[in-house]
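Everything below concerns the one structure shown next.
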2 protein chains.
Amino acid sequence: MTSTRSYHHGDLRRALLAAAADAMAESGPAALSLRDLARRAGVSHAAPAHHFGDKAGLLTALATQGFELLGEALRAAGDDLRESGVAYVGFAVRHRAHFEVMFRPDLYRADDPDLVAARERAGELLRSGVARHTGREPDVDSLAAWSIVHGFATLWLAGALPARVGPDPEAAARTVIGRLFP
Amino acid sequence: MTSTRSYHHGDLRRALLAAAADAMAESGPAALSLRDLARRAGVSHAAPAHHFGDKAGLLTALATQGFELLGEALRAAGDDLRESGVAYVGFAVRHRAHFEVMFRPDLYRADDPDLVAARERAGELLRSGVARHTGREPDVDSLAAWSIVHGFATLWLAGALPARVGPDPEAAARTVIGRLFP
DNA sequence: GAGCAATCTTGTCATTGGCAAGATTGCTCC
DNA sequence: GGAGCAATCTTGCCAATGACAAGATTGCTC
């Protein structure tokens, strides 16, 4: 993964993104420090700037990667609407750093072309899955479906849910989704 | 509101909380600066420390205030479950800074006694509202209800929803909630 | 192998959060 | 009314951070 080669790191961009995801999963997005990422990657404190410009640039790249990963997760979940919802929650739990950045547009450049494209692709997957399942008013249905899985994932990540929900977020999500699409 | 009196500001704690909510509503929580808040309140850069200790202390107070405001909003919405959900979304939109901090426990001290008490009170209001409405398995129902309104509010604040949802978050929320509790 | 662009480093600056020490104010009690 | 005292606020300082500028090193191209 993070092969610390000789000089000219060789894989700095990828290593920095991975380090950012690790650091944010540990200590939250507020504590993220470019200099700390540089230390983790074994490079100087100014090296990240060349690849990402500034902090917002790095988070833009991380969010873009997140939307691509979400797209993959949704595709892997297949055609079943409920399992797509479970996959959404699973993605949020497994890639919590990506997920948390993706929906915080004040942290990155939301008009970045690559990011917009990746977000559109993931959004289309969500909508098409709902449209396949329900007949009438797919707009409202997809909005409700997105809201319920996004809300569940967010509350889970925030640690806001009571203990009785149990330790398995995907199982709990499946039950909750069943209330919306019986 | 923020009465800048003589020396010994007189209302610094409240003024700083209000300034923090304003600043975060403008530029997001990441850009929050204690020194900027002090400037807005017309005091020195170290004054906030006396009232809140540090940044996490200020955000703990803001989150506590947020849970109290949410409780008031839910009480004002009355007994109807759907209107409670609309009130939840309305609170998030009207007090977006409070809402954003409340569900980001990495920013504050989640074990603060005052905060825990305010959070418990608001959570009980949510659960009791759902329990009044549905008969069976209030746990799952309340989890689904909380998830769908929380998700809708979060997506709205993130600017992630498509334009066709319309300009009125509470009206759109009412429609979405209708899908869960027809 | 020379030239060149990409990559990385060192050095610097303004800003920030946090701490320590001191000044000012308002309250209490005699 | 005033002395003492605690709360409040200020000034001064330090380490860490993000961002920028200028220079060094590497690898690619011709």
Side-chain angles (χ1 to χ4, degrees), chain A residues 2-24 26-63 97 101 104-109 112, chain B residues 2-24 26-63 97 101 104-109 112:
Chain A
T2 62
S3 62
T4 43
R5 296 188 205 174
S6 65
Y7 255 60
H8 271 208
H9 187 290
D11 208 16
L12 224 204
R13 186 187 162 91
R14 193 185 312 265
L16 287 173
L17 285 176
D22 286 352
M24 287 181 53
E26 289 170 15
S27 319
L32 190 71
S33 151
L34 287 181
R35 290 171 111 100
D36 178 54
L37 299 185
R39 279 189 292 269
R40 292 185 187 222
V43 295
S44 85
H45 63 88
H50 188 267
H51 290 275
F52 301 103
D54 57 4
K55 198 172 184 176
L58 183 141
L59 294 179
T60 302
L62 198 71
V101 173
R104 210 161 299 164
D106 60 302
L107 294 181
Y108 58 86
R109 280 182 275 278
D112 179 88
Chain B
T2 61
S3 63
T4 43
R5 294 190 207 173
S6 64
Y7 255 61
H8 270 209
H9 188 289
D11 208 16
L12 225 202
R13 185 186 163 91
R14 193 185 313 264
L16 287 173
L17 285 176
D22 286 353
M24 286 181 53
E26 290 169 15
S27 319
L32 190 71
S33 152
L34 286 182
R35 289 169 112 100
D36 177 55
L37 299 184
R39 279 190 291 270
R40 292 185 186 221
V43 295
S44 85
H45 64 87
H50 187 267
H51 289 276
F52 301 104
D54 57 3
K55 199 173 185 176
L58 184 140
L59 294 179
T60 303
L62 199 72
V101 173
R104 210 160 300 163
D106 59 304
L107 293 181
Y108 59 85
R109 279 182 274 279
D112 179 88

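Letters A, B, ... mirror the listed sequences (proteins, then strands); counts begin at 1. Bear in mind the structure is a predicted one, so any value in this text is a computation, not a measurement.
C:dC19 atom P lies 7 Å from atom CG of B:Asp54, rounded to whole Å. Following rounding to the nearest Å, A:Phe52 (CZ) and D:dA19 (C1') show an atom-to-atom distance of 16 Å. Between A:Leu107 atom CG and D:dG18 atom P the separation is 13 Å, expressed in whole Å. Between the CG atom of A:Leu32 and the P atom of D:dA16 there is a distance of 17 Å, given to the nearest Å. Rounded to an integer number of Å, the gap from CG of B:Leu34 to C1' of C:dG17 is 7 Å. In this structure, A:Arg39 places its CZ atom 14 Å from P of C:dT10, rounding to the nearest Å. A:Asp36 places its CG atom 7 Å from the P atom of D:dT17, with the value rounded to the nearest Å. Distance, B:Lys55 NZ to C:dG17 P: 5 Å, rounded to whole Å.
Base engagement by A:Ala46 is indicated by at least one non-hydrogen atom pair under 4.0 Å involving a base atom. Here B:Leu37 lies out of heavy-atom contact (under 4.0 Å) with every strand. Among the heavy atoms of the strands, none lies under 4.0 Å from B:Arg13. Residue-level contact check: B:His51 touches the backbone only, with heavy atoms under 4.0 Å from sugar-phosphate atoms and none from bases. Using a 4.0 Å heavy-atom cutoff across all strands shown, B:Leu58 reaches no nucleic acid atom at all.
For the atom pair A:Arg39 CZ and A:Leu34 CG, the distance stands at 10.5 Å (nearest 0.5 Å). Rounded to the nearest 0.5 Å, atoms CZ (A:Arg109) and OG1 (A:Thr60) are 5.0 Å apart.
OP1 or OP2 of D:dT8 lies within a sub-4.0 Å distance of a side-chain N or O belonging to B:His50.
Heavy-atom minimum distance, A:Leu16 versus A:Ala38: CD2-N, 4.3 Å.
Between A:Pro29 and A:Leu59 the shortest side-chain heavy-atom distance does not fall below 4.5 Å. At a threshold of 4.5 Å between non-hydrogen side-chain atoms, the residues B:Phe52 and B:Leu17 count as touching.
Of the candidates C:dT16, C:dC19, C:dC8, the closest approach to any side-chain atom of B:Ser33 belongs to C:dT16.
Toward the 5' end of DNA chain D, the nearer of the two residues B:Val43 and A:Arg35, judged by each one's closest nucleotide, is B:Val43.
Nucleotide C:dC13 is matched to D:dG18 when pairs are restricted to Watson-Crick or G-U wobble geometry with both distances under 3.5 angstrom. The base-pairing partner of D:dT26, taking Watson-Crick or G-U wobble contacts with both distances under 3.5 Å, is C:dA5.
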